[in-house]
2 protein chains.
Amino acid sequence: MAGNVGTPGATVAGRVMAILGAFDDQQPRLPLSELARRAGLPLPTAHRLAGELVRHGALARVGGDYAIGRRLWEIGLLAPVPSTLREAASPFLNDIHAATRATVHLAVRDGERVLYLERLAGRASVPVVSTVGSTLPLHATGVGKVLLAHAPADIRRRVLAALTRVTPYTVTQPGRLRAQLAQIRLTGYATTVEEMSLGACSVAVPVRREDQVVAAIGVVVPTLRRDRARLTAALQVAAQGIARHLGA
Amino acid sequence: MAGNVGTPGATVAGRVMAILGAFDDQQPRLPLSELARRAGLPLPTAHRLAGELVRHGALARVGGDYAIGRRLWEIGLLAPVPSTLREAASPFLNDIHAATRATVHLAVRDGERVLYLERLAGRASVPVVSTVGSTLPLHATGVGKVLLAHAPADIRRRVLAALTRVTPYTVTQPGRLRAQLAQIRLTGYATTVEEMSLGACSVAVPVRREDQVVAAIGVVVPTLRRDRARLTAALQVAAQGIARHLGA
DNA sequence: CCCGATTCTTCCACTCAGTGGAAGAATCGG
DNA sequence: CCGATTCTTCCACTGAGTGGAAGAATCGGG
């Protein structure tokens with residue numbers, strides 16, 4: 001007389017919530033055994049449900065551990081807590097800053113604007129208009145273009161329909177910007193040349209978490225400096241490091 | 001020969017994700033029929049599952065509609081998107097600003113600091129140190145105290161263990177601050193008197209969503225003005241309005 | 001390199017949690 | 001007031017879910 005039976009009265013939805021609720025600020029990633037313990041589920045049950053949630057994108061596998069997956073981030077009302085992102089990014093931004101002496105930015109998309117979360121001022125007196133906490137149009141800055149390139153289609157549509165001119169070099173033709181965005185998605189980095197303020201160029205790359213672009217980092221340099229390749233490489237290394245530290 | 005049978009091959013976890021995934025930026029709240037349609041589920045099934053998710057706090061009922069519930073917000077890695085909050089708050093902040101002519105703030109907790117999301121400068125020349133995007137200690141400002149009072153226990157513990165002095169009036173005794181926080185939870189508002197900068201007083205109240213404190217709004221006035229009761233009342237009305245607009 | 005401890009994964013007999021058509025209740029709008 | 005629409009409850013039926021046990025992989029010390 002073997003054969004097991006589901007605990008009477010318990011629902012699958014409840015067990016799913018128990019698993020999602022097992023994660024918190026302190027423990028963004030858990031091994032299966034810990035996950036099962038926290039959720040109060042037998043190990044095989046936790047294993048099967050967690051696997052199913054991974055298949056649905058609600059959880060992600062990180063090495064041997066489980067973490068909150070991108071599917072939950074896609075629900076528009078949820079976003080990475082700023083401090084998590086900032087903490088993960090801080091050392092990498094400092095590295096870039098030390099290596100390039102340029103102005104370094106960490107930014108996220110906030111609706112149809114770029115929101116600057118962090119800013120390390122560079123040596124050179126480049127005219128930079130961004131300040132921490134302020135927002136700028138998505139289409140005229142490096143980090144903005146990166147975020148726009150990976151924004152949902154309807155956001156992109158709305159932004160492209162209202163391109164304001166900031167400098168004579170701002171891209172205001174929807175077709176041209178659309179081509180640039182495609183290029184950005186392809187090459188993995190964005191550049192601007194005096195599109196936001198005269199005398200300043202920028203290079204920016206996305207920070208991904210679970211294949212989802214959650215932020216962008218970029219540098220602003222005087223128009224004269226043109227070591228784009230080196231800057232881009234440094235930024236991409238940093239972006240990967242940040243992603244790793246975000247626990248994904 | 002009646003009797004229904006669950007669609008073969010489908011899992012409950014998948015249906016749960018279909019329901020959660022039905023919500024997005026544009027549609028933070030949905031009636032049952034729309035929810036069922038988007039999730040691709042028969043109406044009774046959607047009804048039962050949604051009800052279960054509400055019981056588990058993953059969804060919330062807003063009037064007749066369903067919305068993402070607080071349980072998901074409690075998972076430390078998820079937070080309200082800043083723009084949603086800002087958009088919901090904007091008209092109310094303007095009202096308060098017009099009515100009081102004081103400096104008005106919208107802030108959220110970012111780790112162990114207050115992060116200012118919005119700031120409407122007041123008429124009077126009050127010494128206010130906050131700027132949009134900057135962070136300040138939680139224990140020395142009105143909005144900070146509100147957010148601290150409703151922060152998780154471990155955040156509270158850590159902040160209370162490191163109270164730095166800013167002015168001679170800053171509360172730096174953990175016992176005294178703890179008593180103030182209890183009072184704030186009880187009365188629903190916080191006040192400071194020259195604890196962050198000499199010459200400035202503040203009143204602040206929490207903004208709740210689903211019984212969860214997600215932000216705080218407050219005003220800063222010269223120490224002379226003492227119409228606290230009126231300010232508090234105006235703030236509380238605004239906080240409720242914001243919460244309503246957040247779709248909760 | 002081997003072997004015991006630990007953690008993860010698969011298997012599967014058994015059954016109760018889940019299903020969804022249909023019918024009834026509530027709500028809306030004219 | 002009454003028809004249309006949306007929401008909720010009911011319930012006969014069964015396959016999705018369960019979890020102990022056993023096997024596989026991984027780790028760490030000697």
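Chain identifiers are assigned alphabetically (A, B, ...) following the order of the sequence lines, protein sequences preceding nucleic acid strands; residue numbering begins at 1 within each chain.
In the region residues 41-49 of chain A, proximity to DNA chain D at under 4.0 angstrom, judged on heavy atoms, holds for A:Pro42, A:Pro44, A:Thr45, A:Arg48.
Atom pair A:Arg55:CZ and C:dT9:P shows a separation of 13 Å (rounding to whole Å applied). Rounded to whole Å, the distance from CD1 on B:Ile19 to P on C:dT19 is 9 Å. For the pair B:Leu35 CG and D:dC7 C1', the computed distance is 13 Å after rounding to whole Å. Regarding A:Asn4, its CG atom lies at a distance of 9 Å from the C1' atom of D:dA21, rounded to whole Å. Between the P atom of D:dG19 and the CZ atom of A:Arg37 lies a distance of 18 Å, rounded to the nearest Å. In this structure, B:Leu30 atom CG and D:dT6 atom P are separated by 14 Å, rounded to whole Å.
A side-chain donor-acceptor contact under 3.5 Å links B:Thr11 to the backbone of B:Gly14. Put simply, the side chain of B:Arg156 gets close to the backbone of B:Ala151: a donor and an acceptor are under 3.5 Å apart. For the pair B:His139 (side chain) and B:Thr164 (backbone), a donor-acceptor distance under 3.5 Å is present. Judged by distance alone, with hydrogens and angles left aside, the side-chain atoms of A:Arg185 form a donor-acceptor pair with the main-chain N or O of A:Ala149 at under 3.5 Å.
Proximity of B:Ser33 to the phosphate of D:dC7: a side-chain N or O atom is located under 4.0 Å from OP1 or OP2. Residue A:Arg15 places none of its side-chain N or O atoms closer than 4.0 Å to OP1 or OP2 of D:dG17. In terms of phosphate contacts, B:Arg61 brings no side-chain nitrogen or oxygen within less than 4.0 Å of OP1 or OP2 of D:dC7.
Where DNA chain C pairs in unbroken runs of 3 or more (Watson-Crick or G-U, both distances under 3.5 Å), the stems are C:1-30 with D:1-30.
Taking OH from A:Tyr66 and CG from A:Leu35, the interatomic distance works out to 7.5 Å, rounded to the nearest 0.5 Å. Rounding to the nearest 0.5 angstrom, the gap separating the CG atom in A:Leu59 from the CG atom in A:Asp65 is 12.0 Å. In this structure, NE2 on A:His47 lies 13.5 Å from CG on A:Leu41, to the nearest 0.5 angstrom.
Residues A:Ala10 and A:Leu32 each lie close to DNA chain C; by heavy-atom proximity, the contact nearer the 5' end of the strand is made by A:Leu32.
A salt bridge links B:Arg158 with B:Asp154: the closest approach of a Lys/Arg side-chain nitrogen to an acidic carboxylate oxygen falls below 4.0 angstrom.
Heavy atoms only, all atoms of each residue included: A:Val213 and A:His150 are closest at CG2-CG, 3.4 Å.
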